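Every chain is numbered from 1, with letters handed out A, B, ... down the list of sequences. Being a predicted model, the structure only gives us computed values, none of them experimental.
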Number of protein chains: 2
Amino acid sequence: MSIKVFIYDDNEARRDSLKALMELSPELQYAGEGINCLNVIADMQTYFPDVVLMDINMPDADGIVGLKSIKKEFPHIKVLMQTVFDDTDKIFECIRNGASGYILKKDSPQRILQAIQEVYDGGAVMNPGIALKVLGYFQPQKKENPLSGRETQVLELLAEGLSYKMVADKLFLSFNTVNTHIKHIHEKLHVSSLGEAIAFYYKNLHQ
Amino acid sequence: MSIKVFIYDDNEARRDSLKALMELSPELQYAGEGINCLNVIADMQTYFPDVVLMDINMPDADGIVGLKSIKKEFPHIKVLMQTVFDDTDKIFECIRNGASGYILKKDSPQRILQAIQEVYDGGAVMNPGIALKVLGYFQPQKKENPLSGRETQVLELLAEGLSYKMVADKLFLSFNTVNTHIKHIHEKLHVSSLGEAIAFYYKNLHQ
DNA sequence: GTACCCCTCACTAAAATTAGGTATGCTGAG
DNA sequence: CTCAGCATACCTAATTTTAGTGAGGGGTAC
């Protein structure tokens, strides 16, 4: 039983070469193709592929639209994203939406076939450059924290949703002291409201 | 110029086979080996490898200890973790500590050599099963959002640090309307302050 | 020792947020 | 049609946050 692969790509030459590539691989079966994702649901219902090889940049309905539709309606179908760019934002958007992998068009044909196989086997696949970015997300991003220890502690609690009074209670401080810390936080972060301070916390200091 | 690879593994047979494997690859050069990471700093200073293939489970000083030491003292040396288990906790600990990849011992020799090359080239490499777990980390962020569209929009801006007035300006609403939306947000989220609402946003809705 | 930062606390007052009520128009579901 | 939810808007009042000024003690660096 071979793996049925559906291809989305707006470039005909590329679709043809991918198709040819698959016809040379007994374990892969070309299931169909599309130039964009306008009819993605119908395509899936008609050809029921195991794996979709999805170009990102396509006119009218791009690969991310297609990915979302497929994972919403047919979550069992694996979607392998493929693009010429390694745009960080798009990578993470695809990952959040359930893509099983992210490879580049410059990757070798052998690697692409291998990726399809691995995705079909339930794994995930990333181009090494992509993987680096994804792993980089976990690296402790040590932004400069201009706040003192106590100030950081106060901001952490505020970011949890506590009011000034609750922070004072929790840290066994007077409200006035908490107030002072917060004034210093505002000065150091160049902000002037609780919301801005919390936004700074989650963007720069959290975990 | 071939890639100098240092191997840590407590299993002699495995070290030997990896060594043999490398001697068959002109682009890879065996630089040395260790049965644990007790002398990791000295090893690096003596053999200055480009890539370290690091077993995780070793007696006395394991691969994670070694990884941390290497990345602290020689951050330019790439470390490729290798283990028999795909233990989720260890995976993330390695990633946080700067590992360039995570592969399994059952991966094919060809794949291991390929991984070393890709790590050396500045990429990151993961076994497909590992990659699936890593990508899965990004998934769970789809909590139900009980807020209406406009309410969500208001909360997004508040979470960016804007005041009620600024939100009103930005959305071309009256302050009163923004106020009403926020009251509804408080009711729906079961919170009673801006801080709590923003905390909810960053924990459940953001991204 | 002096200067600087941190942590603590107090008082005051202005500004913003929270909370209550009320109201209109629109839309979609039953 | 009716009801519910949404988006819009206004008013009032209590509460909280923001901001200013001042101050004592502890620690450290020069």
Exercise. Roughly how many Å is it from CD1 in A:Ile185 to P in D:dT17, rounded to a whole number?
Worked result: 13 Å

Problem set entry | B:Gln153 CD to D:dT8 C1', straight-line distance once rounded to whole Å | 14 Å

Seminar exercise, completed: B:Leu194 CG to D:dT17 P, in whole Å, measures 10 Å

Problem set entry | Qualifying residues under ring-ring contact (aromatic ring centres under 6.0 Å, His included), relative to B:Phe74, sequence neighbours excluded | none

Problem set entry | Length of the line joining B:Lys165:NZ and C:dT17:P, which is rounded to integer Å | 8 Å

Problem set entry | Pairs meeting criterion ring-ring contact (aromatic ring centres under 6.0 Å, His included) with involvement of residues 37-72 of chain B, two or more places apart | B:Phe6-B:Tyr47

Problem set entry | Protein-nucleotide distance (A:Met166, atom CE; D:dT16, atom P), rounded to Å | 11 Å

For this session: Not counting sequence neighbours, list each pair that qualifies as a salt bridge (Lys or Arg N to Asp or Glu O under 4.0 Å) and has a residue in residues 147-164 of chain B.
Result: A:Lys203-B:Glu160, B:Glu151-B:Lys188

For this session: Summarise how protein sits on nucleotides 6-13 of chain C as a single string, 5' to 3': B when a protein heavy atom is under 4.0 Å from the base, S for sugar-phosphate-only contact, - for no contact.
Result: SSBBBB--

Exercise. Nearest-Å distance, CG (B:Leu157) to P (C:dA16)?
Worked result: 17 Å

For this session: Specify the separation, in whole Å, of atom NE2 of B:His186 and atom P of C:dT17.
Result: 10 Å

Exercise. Knowing that exactly one of A:Thr83, A:Asn11, A:Asp9 qualifies, which makes a side-chain hydrogen bond (donor to acceptor under 3.5 Å, both in side chains) with A:Lys105?
Worked result: A:Asp9

Exercise. Is there any side-chain hydrogen bond (donor to acceptor under 3.5 Å, both in side chains) pair reaching into residues 33-42 of chain B, and which pairs are they, with sequence neighbours excluded?
Worked result: B:Arg15-B:Glu33, B:Tyr30-B:Glu33

For this session: Return each pair, listed once, that meets ring-ring contact (aromatic ring centres under 6.0 Å, His included) where at least one residue sits in residues 88-130 of chain A; pairs must be two or more places apart or across chains.
Result: A:Phe92-A:Tyr137, A:Phe92-B:Phe138

Exercise. For the pair made of CD1 in B:Ile198 and P in C:dT17, what is the distance, rounded to whole Å?
Worked result: 10 Å

